[in-house]
**Q** 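Dumping the structure here so I can ask a few things about it.
Predicted model, so just to flag it, every value in this text is computed and none were measured. The analysis underlying the following values was restricted to heavy atoms, covering all of them including side chains, and did not include hydrogens, waters or symmetry mates. Proteins come first, then strands; the chains are lettered A, B, ... in the order of their sequence lines, and each starts at number 1.
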Amino acid sequence: MAEIDNISIDQDEKLPRNFIQQQIVDDLAEGKNGGRVHTRFPPEPNGYLHIGHAKSICLNFGTAKKFGGLTNLRFDDTNPTKEDTEYVDSIMEDVRWLGFDWDDRLFYASDYFDKLYEFAVTLIKEGKAYVDFQPQETISEQKGVPTRPGTDSPYRTTSPEENLELFAKMKSGFFNEGDCVLRAKIDMSSPNMHMRDPLMYRILKQPHHRTDDKWCIYPMYDYAHGQCDYWEGITHSICTLEFEVHRPLYDWFVDQLRDSDYRPRQIEFSRLNISYTVMSKRRLLQLVKENYVKGWDDPRMPTICGLRRRGYTPESMRAFSDMVGITKVDGVTDVAVLEYCIREDLNKRAQRVMGVLDPIKVIVTNYPEGQVEEIDAVNNPEDESMGKRKVPFSRELYIEQEDFMENPTNKFYRLSPGREVRLRYSYFIKCTDVVKNEQGKIVELHCTYDPETKGGNSPDGRKVKATLHWVAVAQAVKAEVRLYDRLFTDPDPAGHKDKDLLEFLNPDSLKVLTECYVEPFVKSAKPLSNFQFERLGYFNIDPDSTPDQMVFNRTVSLKDGYKK
RNA sequence: UGACCCGUGGUGUAAUUGGCAACACGUCUGGUUUUGGUCCAGAAGAGUUCAAGUUCGAGCCUUGACGGGUCAACCA
């Protein structure tokens, strides 16, 4: 583990400084916050984390580490109507899986409910907050529109003494949901809508997943976040671009609270978008709820649990996060970059194995019936230390239907009648007969092998143009293989104002093959193990897999240089 | 018609702070190869949204346009 950390630090050193790191360098140079760097990852536990969160996790933990600082995990659980411990657990699992550790610094916004209440009381006493009994629509109307100033609430002039009493009644449950709210008294004519007397508390008579029914008033995000940062000693509060206009409010609350030079600073960066998928919790939830996918961990989902099930490694996701960079530019990253990252990682590490997805039987007519040879095969040509294994070879084999063409085109140089190819690690074979059924469909190929070519080379220096993967029929493990394609047919499915993203759902995003054959070696592997099926791609064992019925996911295909 | 933010090859980022626009992905050649993978060598592709200004010199500073985004939830 230590070794992996060192490697990632070394790589990090080579990366150019992003604008956030630059700002931290500047802050440090100015001697801010006693030279401390402390970040936090603050998800709301109302859904599963996706790869955009992974970028934020890498950014927050990575940035702090780079400057010798710390990172907290904090659940932003100020809305009991949406949150649940199910999400808390999955989020912790995902952060750990990505390779990050918050040590003992696990916090919840709900940890601060008492302090937030006390602070609200202070603001009321200072005449900076008031209880407003107007209906929601009226408050909204009074806020006006961005181009026109708002108007004051009639409750804005209530005395602090009376507000104190009213707020206490709010807390005690005297009022019903919607009767009133607590608002900060700031500036109803501010060009920034968030400064027009924002709501601090609303009444929600709902149990909270941690505080149960202790509270019936809950703080709003804007009222809670900066204060939580402050109390935790956060120095750099990194969030996404949509919070940019919240920053003056963030600063306003913190300024009311702080009593020293220390102040947390909000910095915004652009959220991650990846082509051919969507990245908002709302839309992902819709895909799950309406059964367009099989769950949050469906391997087609851009969720961390989905990508994990698909066969993505933490290393590949961290590499991806580094590669896309941090800016304030709103763009769409090509999914090919993600695919590059997992291929690069798995190329170095994945156990090679042979598997036939779309089989056609080959009879090696001059090979003795009943004979089985154990052929030596290299486990990973990129890593000699991974050693070798034995693969059974016999008279009846499966090869890929795609690897045979009765009337080959110019560029096709695999098996065809009369042509000789190599079976990987074993022998040269030559196709002598094509056996068809009554409908004219090819059902079997008859080949001869050259015993002199054992291991895959001919003593006479004869060359072949292709090497095929294969599996011996008798020893083959029959398996199900799930092939995934992009979820949407449009590079930016959520980017069309006039069209619903469901119009772009890819009907072929999942293809299940049930008649696949894999060499027996895979039987010994654990769930989620990554393999390369030679010439095809990277595959892993799905959690649905059982010893009797193995199930593989295709993580990603190999790059294919073959052009028809 | 307000405030704030953002515009650099197809895509994502860089440009040591004002000095020959670089890297990665992708694409295309060629070589090696017992994976049409990997690896190696190479190529094409932007003159930095536009315009003016400051300057010996601007992707970077200034001003103004244009284009895109965010903000008017008792969500975060």
Side-chain angles (χ1 to χ4, degrees), chain A residues 15-18 22 42-44 46 76-79 81-83 109 132 135-136 139-141 143-150 177-183 190-196 199-204 217-218 220-222 224-225 239-248 268 270 272-273 275 281-282 323-341 343-344 347-348 352 354 377-378 381-382 411-414 422-426 428 453 455-457 463-469 491 532-538 557-563:
Chain A
L15 290 171
R17 228 173 234 167
N18 61 50
Q22 187 56 56
E44 183 187 15
N46 69 343
D76 218 330
D77 55 350
T78 57
N79 185 354
T81 65
K82 291 188 174 177
E83 296 149 6
D132 196 327
Q136 194 172 153
I139 291 178
S140 174
E141 275 165 34
K143 278 193 182 174
V145 292
T147 51
R148 297 237 180 290
E177 277 188 27
D179 281 356
C180 56
V181 293
L182 184 73
R183 298 176 71 181
S190 169
N192 183 335
M193 297 296 290
H194 295 278
M195 301 299 274
R196 321 247 262 224
L199 269 62
M200 293 166 61
Y201 275 94
R202 77 288 213 189
I203 298 170
L204 253 22
I217 57 171
Y218 291 92
M220 302 290 290
Y221 165 87
D222 282 310
H225 204 92
C239 62
T240 45
L241 239 33
E242 65 269 24
F243 291 101
E244 212 153 23
V245 287
H246 294 238
R247 199 191 323 145
E268 311 85 11
S270 60
L272 175 69
N273 295 301
S275 57
K281 272 187 192 171
R282 200 191 92 235
M323 221 181 258
V324 296
I326 303 296
T327 65
K328 302 180 80 152
V329 183
D330 201 6
V332 181
T333 296
D334 193 335
V335 67
V337 179
L338 217 210
E339 292 175 347
Y340 166 81
C341 289
R343 284 194 189 105
E344 189 188 50
N347 177 50
K348 288 179 291 197
R352 267 57 168 179
M354 290 194 285
V378 173
E382 305 294 314
K411 296 225 175 148
F412 184 86
Y413 49 82
R414 280 109 89 163
R422 170 168 41 233
L423 292 181
R424 179 136 231 224
Y425 297 126
S426 51
F428 286 10
T453 59
N457 280 310
K463 298 287 182 204
V464 290
K465 288 192 84 175
T467 301
L468 309 186
H469 60 278
Q532 183 193 101
F533 286 11
E534 293 216 40
R535 305 209 304 131
L536 295 178
Y538 296 98
S557 65
L558 248 32
K559 245 177 102 176
D560 190 0
Y562 171 55
K563 280 162 207 79

**Q** Any idea if B:U17 is syn or anti, going by the 90°-from-0 cut?
**A**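 Nucleotide B:U17 adopts syn.
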**Q** Check the phosphate of B:A3 against A:T147, side-chain N and O only, distance under 4.0 Å to OP1 or OP2. Yes or no?
**A**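 Answer is no, no contact under 4.0 Å.
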**Q** Return the value, rounded to whole Å, for the distance between atom CZ of A:R148 and atom P of B:U1.
**A**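 Whole-Å distance recorded here is 12 Å.
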**Q** Report the base-pairing partner of B:G42 (Watson-Crick or G-U wobble, both distances below 3.5 angstrom), or none.
**A**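 B:C28 is the nucleotide pairing with B:G42.
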**Q** For A:K411, which contact category applies under a 4.0 Å heavy-atom criterion: base, sugar-phosphate, or nothing?
**A**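 Base: the residue A:K411, judged by heavy atoms under 4.0 Å, touches a nucleobase.
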**Q** Find the distance A:N192:CG to B:C5:P and express it as a whole number of Å.
**A**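 Distance, rounded to whole Å: 12 Å.
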**Q** Nearest to the A:A336 side chain among B:G2, B:A76, B:G26, which nucleotide is it?
**A**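 The closest nucleotide is B:G26.
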**Q** Under 4.0 Å between any heavy atoms, over every strand shown, what does A:V337 touch: base, sugar-phosphate, or nothing? Just pick one.
**A**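 Here A:V337 touches the backbone only, sparing every base.
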**Q** Can you check the A:R424 CZ to B:G36 C1' distance for me, whole Å?
**A**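 Answer to the nearest Å: 13 Å.
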**Q** So if I apply the side chain to side chain contact (heavy atoms under 4.5 Å, CB included) rule between A:V181 and each of A:R202, A:Q136, A:M200, which one comes out positive?
**A**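 By the side chain to side chain contact (heavy atoms under 4.5 Å, CB included) criterion, A:V181 pairs with just one of A:R202, A:Q136, A:M200: A:R202.
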**Q** If each of A:I326 and A:Y201 is mapped to the nucleotide of RNA chain B with the nearest heavy atom, which maps nearer the 5' terminus, i.e. the 5' end?
**A**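 By nearest-heavy-atom nucleotide position, the 5'-most residue is A:I326.
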**Q** Have a look at A:Q532 and say if it touches a base, only the backbone sugar-phosphate, or nothing, with a 4.0 Å heavy-atom cut-off.
**A**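 Base contact - A:Q532 has a heavy atom under 4.0 Å of at least one base atom.
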**Q** In whole angstrom, give me the gap between the P atoms of B:G64 and B:C5.
**A**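 It comes out at 13 Å once rounded to the nearest Å.
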**Q** Could you tell me the separation between the NZ atom of A:K82 and the P atom of B:A76, rounded to a whole number of Å?
**A**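 About 8 Å, once rounded to whole Å.
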**Q** What does A:V332 touch in the nucleic acid at a heavy-atom separation under 4.0 angstrom: a base, only the sugar-phosphate, or nothing?
**A**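 Sugar-phosphate only.
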**Q** Can you tell which of B:G37, B:G36, B:A76 lies closest to the side chain of A:P381?
**A**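 Nearest listed nucleotide: B:G37.
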**Q** Taking the side chain as every heavy atom from C-beta outward, state whether A:C239 and A:E244 have any pair of such atoms under 4.5 Å apart.
**A**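 When only atoms from C-beta onward are counted, A:E244 and A:C239 do not touch, as no gap falls below 4.5 Å.
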**Q** Within the 4.0 Å heavy-atom criterion, would you say A:L199 contacts the bases, only the backbone, or no part of the nucleic acid?
**A**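 A:L199: base contact, heavy atoms under 4.0 Å.
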**Q** C1' atom, B:G18 versus B:U54: distance in rounded Å?
**A**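 11 Å, rounded to whole Å.
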**Q** So which nucleotide from B:A3, B:G26, B:A72 ends up closest to the side chain of A:P191?
**A**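 Closest nucleotide to the A:P191 side chain: B:A3.
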**Q** Which base sits across from B:G7 as a Watson-Crick or G-U pair, both distances under 3.5 Å?
**A**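 Answer to the pairing question: B:C66, which forms a Watson-Crick or G-U pair with B:G7.
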**Q** Classify A:S190 by what it touches in the nucleic acid, base, sugar-phosphate, or nothing, heavy-atom distance under 4.0 Å.
**A**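 The answer is nothing, as A:S190 stays clear of every strand by at least 4.0 Å.
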**Q** Could you work out the separation of B:U48 and B:G7 based on their P atoms and round it to a whole Å?
**A**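 It comes out at 15 Å once rounded to the nearest Å.
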**Q** Testing the basics here: between A:H225 and A:D76, what is the closest heavy-atom pair and its distance to 0.1 Å?
**A**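 Where A:H225 meets A:D76 most closely, the heavy atoms are ND1-OD2, 2.8 Å.
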**Q** Using a heavy-atom cut-off of 4.0 Å across all strands, would you classify A:G178 as base, sugar-phosphate, or nothing?
**A**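 Answer is base: heavy atoms of A:G178 come under 4.0 Å of a base.
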**Q** Given the structure, check if the side chain of A:R343 and the base of B:U38 hold any donor-acceptor pair shorter than 3.5 Å.
**A**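 Between B:U38 and A:R343, which were checked side chain against base, a qualifying N/O pair under 3.5 Å is absent.
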**Q** Looking across every strand, which nucleic acid part, if any, lies under 4.0 Å from A:R196 by heavy atom: base, sugar-phosphate, or nothing?
**A**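 Here A:R196 touches no strand at all.
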**Q** Calculate the interatomic distance between A:E83 atom CD and B:A76 atom C1'; express it in whole Å.
**A**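 Nearest whole value for this atom pair: 9 Å.
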**Q** Rounding to an integer number of Å, can you tell me how far A:D222 CG sits from B:C74 C1'?
**A**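 Result: 13 Å.
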**Q** Can you check the A:D330 CG to B:G68 P distance for me, whole Å?
**A**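 Computing the A:D330:CG to B:G68:P distance gives 13 Å.
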**Q** Among the candidates B:G37, B:C5, B:A72, find the nucleotide nearest to the side-chain atoms of A:E244.
**A**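 Nearest listed nucleotide: B:C5.
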**Q** Heavy atoms only, 4.0 Å cut-off, all strands: where does A:V329 land among base, sugar-phosphate and nothing?
**A**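 Sugar-phosphate, backbone atoms only, no base.
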**Q** Heavy atoms from C-beta onward define the side chain here; which of B:A14, B:C74, B:G12 lies closest to that of A:T333?
**A**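 Nearest listed nucleotide: B:G12.
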**Q** Do the charged groups of A:E44 and A:K281 touch, with an N to O distance under 4.0 Å?
**A**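 Between A:K281 and A:E44 there is no salt bridge, as every charged N stays at least 4.0 Å from the carboxylate O atoms.
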**Q** Looking only at atom P, what distance separates B:U62 and B:C71, rounded to whole Å?
**A**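 Per the computed distance, 27 Å lies between those P atoms.
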**Q** Just call it for A:Y538: base, sugar-phosphate, or nothing, with non-hydrogen atoms closer than 4.0 Å on any strand.
**A**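 If one applies the 4.0 Å heavy-atom cut-off, A:Y538 turns out to touch nothing in the nucleic acid.
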**Q** Can you check the distance between B:G26 and B:A43, where both ends of the measurement are the C1' atom (answer in whole Å)?
**A**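 To the nearest whole Å, 14 Å.
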**Q** May I ask you to verify whether the side chain of A:H246 and the base of B:A76 hold a donor-acceptor pair under 3.5 Å?
**A**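 Donor-acceptor pair under 3.5 Å: yes.
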**Q** If we take the C1' atom in both B:G10 and B:G45, what is their distance in whole Å?
**A**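 Going atom to atom, C1' in each nucleotide, I get 9 Å.
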**Q** Show the nearest heavy-atom pair for residues A:T78 and A:E83, with the distance to one decimal.
**A**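 Nearest pair, atom of A:T78 first, then A:E83: N-OE2, 3.5 Å.
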**Q** Looking at side-chain heavy atoms only, is the closest gap between A:E382 and A:N347 below 4.5 Å?
**A**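 Side chain of A:E382 against side chain of A:N347, heavy atoms only: contact under 4.5 Å found.
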**Q** Taking only the side-chain nitrogens and oxygens of A:R202, find out if one of them lies under 4.0 Å from OP1 or OP2 of B:C75.
**A**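 True: A:R202 side-chain N/O within range (under 4.0 Å) of B:C75 OP1/OP2.
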**Q** Which value, in whole Å, describes the distance between the C1' atoms of nucleotides B:U27 and B:G12?
**A**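 The answer is 16 Å between these two C1' atoms.
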**Q** OP1 or OP2 of B:C25 versus the side-chain N and O atoms of A:Y340: is any pair under 4.0 Å?
**A**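 Result: yes.
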**Q** Once you apply a heavy-atom cut-off of 4.0 Å, does A:Y413 come out as touching a base, just sugar-phosphate, or nothing?
**A**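 Base contact - A:Y413 has a heavy atom under 4.0 Å of at least one base atom.
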**Q** Where does B:G57 fall, syn or anti, if syn means a chi angle no more than 90° from 0?
**A**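 Judged by the O4'-C1' to base torsion, B:G57 sits in anti, the angle falling more than 90° away from 0.
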**Q** Measure the spacing between NE2 of A:H469 and CG of A:L536 and express it to the nearest 0.5 Å.
**A**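 Reported to 0.5 Å precision, the distance equals 4.0 Å.
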**Q** What closest approach, in Å, do A:R424 and A:M354 show between heavy atoms, and which atom pair accounts for it?
**A**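 Nearest heavy atoms, A:R424 then A:M354: CB-SD, 4.0 Å.
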**Q** Check every strand shown and say whether A:L468 touches a base, only sugar-phosphate, or nothing at a heavy-atom separation below 4.0 Å.
**A**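 Nothing, no heavy atom under 4.0 Å.
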**Q** Give one of base, sugar-phosphate or nothing for A:E534, where a contact means two heavy atoms less than 4.0 Å apart.
**A**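 A:E534: base contact, heavy atoms under 4.0 Å.
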**Q** Where the side chain of A:D334 is concerned, which of B:C74, B:A24, B:G10 is the nearest nucleotide?
**A**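 When the side chain of A:D334 is considered, B:G10 is the closest of B:C74, B:A24, B:G10.
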**Q** Side chain of A:N79: nearest nucleotide among B:C75, B:U27, B:C74?
**A**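 Selected nucleotide: B:C75.
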**Q** Using a cut-off of strictly less than 4.0 Å, decide whether A:T327 has a side-chain nitrogen or oxygen near OP1 or OP2 of B:U13.
**A**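 Answer is yes, contact under 4.0 Å.
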**Q** Return the minimal non-hydrogen interatomic distance between A:F428 and A:G456, and the atom names on each side.
**A**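 Heavy atoms of A:F428 and A:G456 come nearest at CE1-O, 3.3 Å.
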**Q** What integer number of Å spans the P atoms of B:G9 and B:G47?
**A**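 One P to the other, the span is 8 Å.
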**Q** Have a look at A:Y218 and say if it touches a base, only the backbone sugar-phosphate, or nothing, with a 4.0 Å heavy-atom cut-off.
**A**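 Since no nucleic acid heavy atom lies under 4.0 Å of A:Y218, the category is nothing.
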**Q** So what's B:U13 paired with, Watson-Crick or G-U wobble, going by both distances under 3.5 Å?
**A**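 B:A22 is the nucleotide pairing with B:U13.
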**Q** Test for a donor-acceptor pair under 3.5 Å between the base of B:G37 and the side chain of A:E382, counting only N and O atoms.
**A**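 Pair found.
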**Q** Are A:Y538 and A:L558 packed together at the side-chain level, in the sense that at least one heavy-atom pair is separated by less than 4.5 angstrom?
**A**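 When only atoms from C-beta onward are counted, A:L558 and A:Y538 do touch, with a gap below 4.5 Å.
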**Q** Can you tell me the distance, in whole Å, between the CZ atom of A:R535 and the P atom of B:G36?
**A**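 Interatomic distance, CZ of A:R535 to P of B:G36: 5 Å.
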